[in-house]
Number of protein chains: 2
Amino acid sequence: MSDESPPRGDKSATKSRILAAAITLFADQGVAGTGVRAIAAAADVHPSLIIHYFGTKDGLRVACDKHVAAFVREHKQQVMRAGRIDPAELRDLSDGPPLLRYLARALADGSPHTAALVDEMVKDAVDYLAEGVASGLIRPTDYPYERAALLAIWSLGALALHEHVQRLLGVDLTNLDGGAAVESAYGQMASELLGKGIFRT
Amino acid sequence: MSDESPPRGDKSATKSRILAAAITLFADQGVAGTGVRAIAAAADVHPSLIIHYFGTKDGLRVACDKHVAAFVREHKQQVMRAGRIDPAELRDLSDGPPLLRYLARALADGSPHTAALVDEMVKDAVDYLAEGVASGLIRPTDYPYERAALLAIWSLGALALHEHVQRLLGVDLTNLDGGAAVESAYGQMASELLGKGIFRT
DNA sequence: ACCCAGACTAAACGAACGTTCGATTAATGT
DNA sequence: ACATTAATCGAACGTTCGTTTAGTCTGGGT
């Protein structure tokens, strides 16, 4: 019980408090299922202040999209591998709003900015896989784009179904602590499947 | 322009008309984003009739869940492989409400009955894969349950992200016509990845 | 012929919704 | 000290929400 009452008159701090509250609630209950009053209460501000800053509820949604997209853009590779985010950045992730849970919902909901984000991730994956092929680690393919796309879909799809992944395999892909996901049942099984394949040679 | 005006006094027909409209709208806009009035208008009935039949909006949601679950339970294997539903059943799928789109949203939203459904699919996949192992087609593994679970997650995750799958690979997993998905870029790439693996031997 | 169960409608309720408007407060420049 | 600006609140707007209540209409049993 230290700084419970937010300081008044600090615009950017209030704005990010609203943003954090919105991301949390949107991630939990969906955009349509969350009212501005609930967000305002969580951010400890008056509802009309949200409109004053973001114009409209959808403006706030867009701001949340952009905020999460900015984070993801800096960690594309790690997010797509659903783990192994370096500990320094990880503190920001556990302390702040649940960015990955928000992303998971945005992926399924088809929010405006998410498609572009996914496309970027696929493009990066193409390059990343091409490097692996060049260094002889990764098997070449006739369809490098399609392979990258499918790997991205599988990774992000697992993130979107993180609730089921947790129930079935015991890993919370949205709350990775120190690369736990890679050593988990999820990571080990993914290695086995992608490593040796599934069909008998 | 044949039977535009629905017959009055046919309880079960009206009920399924409401159910179909609800599944369509829920799949398109989400449960929270769809009002009972919109459903009533789509089903061409009065809003209060929905309450009369299903008690509450959430009761209608549960009825939709059950209806979709019943369909999926009869086609578990095909749904998980996201294709190859036999043409007879397929007509019901294209004519009726978008059951797979509803399922995709329910998977990500975590609706009540979906978890049990996924668990059943995984259990079936365990058996199915065990048969493959017994017949020598499929490589054995030390963790058969985890393998089945991950394959299910990948399949259903791709379904949940069907919008991105369509944009990236040109396949609509929710609107499969005659096993097109298996021969598509999605199906071929999945075969390649699961067949030979990704790492160079 | 009557009646009655039930399919269905009409109108309204209170609550919650997103948003607007005007006032109040506190910091800032002069 | 004063004017200005912006941050923030308080109260209300009109709309839509899910639901309720009371009713009308109709087909089938007796």
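Every chain is numbered from 1 and lettered A, B, ... according to where its sequence line falls, protein lines coming before strand lines.
Atom CZ in A:R61 sits about 18 Å away from atom P in C:dC17, given to the nearest Å. The distance between atom CG of B:D44 and atom C1' of C:dA7, rounded to the nearest whole Å, is 15 Å. The CG atom of B:L25 sits 16 Å away from the C1' atom of D:dG18 (whole-angstrom rounding). The interatomic distance linking B:L60 (CG) with D:dC17 (P) rounds to 15 Å, in whole Å. We find that CD1 of A:I39 is positioned 11 Å from P of C:dT19, with the value rounded to whole Å. When the P atom of D:dG10 is taken as reference, atom NE2 of A:H46 falls 6 Å away, rounded to whole Å. Protein atom CD1 of A:I51 is 14 Å distant from nucleotide atom C1' of D:dC9, rounded to whole Å. The CD1 atom of A:I50 sits 13 Å away from the C1' atom of D:dC9 (whole-angstrom rounding).
With no hydrogens or angles considered, no side-chain donor-acceptor pair links B:D109 and B:S111 at under 3.5 Å.
No engagement by A:S12 is indicated, since no non-hydrogen atom pair under 4.0 Å with the nucleic acid exists.
Checking D:dC9, D:dC17, C:dT19 against every side-chain atom of B:R37, the shortest atom distance belongs to D:dC17. Comparing atom distances between the A:L49 side chain and each of D:dT19, D:dC9, C:dA10 picks out D:dC9 as nearest. Nearest to the side-chain atoms of A:V45 among the listed nucleotides D:dC9, D:dT19, C:dG18 stands D:dC9. Closest contact between the side chain of A:K57 and the listed nucleotides C:dT19, C:dC8, D:dT20 involves C:dT19. Side-chain atoms of A:H52 lie closest to D:dA7 of the nucleotides C:dT9, C:dT19, D:dA7.
Within the 4.0 Å cut-off from OP1 or OP2 of C:dA11, not a single side-chain nitrogen or oxygen of B:S48 is found. Between B:Y53 and the phosphate of C:dG6, there is no side-chain N or O to OP1/OP2 separation shorter than 4.0 Å.
Atom-to-atom distance recorded for B:R105:CZ and B:T174:OG1 is 12.0 Å, nearest 0.5 angstrom.
Minimum heavy-atom separation, B:R139 to B:V133: O-CG2, 3.9 Å.
The existence of a salt bridge linking A:D119 and A:K123 is excluded, since no basic side-chain nitrogen approaches an acidic carboxylate oxygen closer than 4.0 Å.
Atom NE2 of A:H67 sits in a sparse spot, with 12 or fewer heavy atoms from other residues, nucleotides or ligands closer than 6.0 Å.
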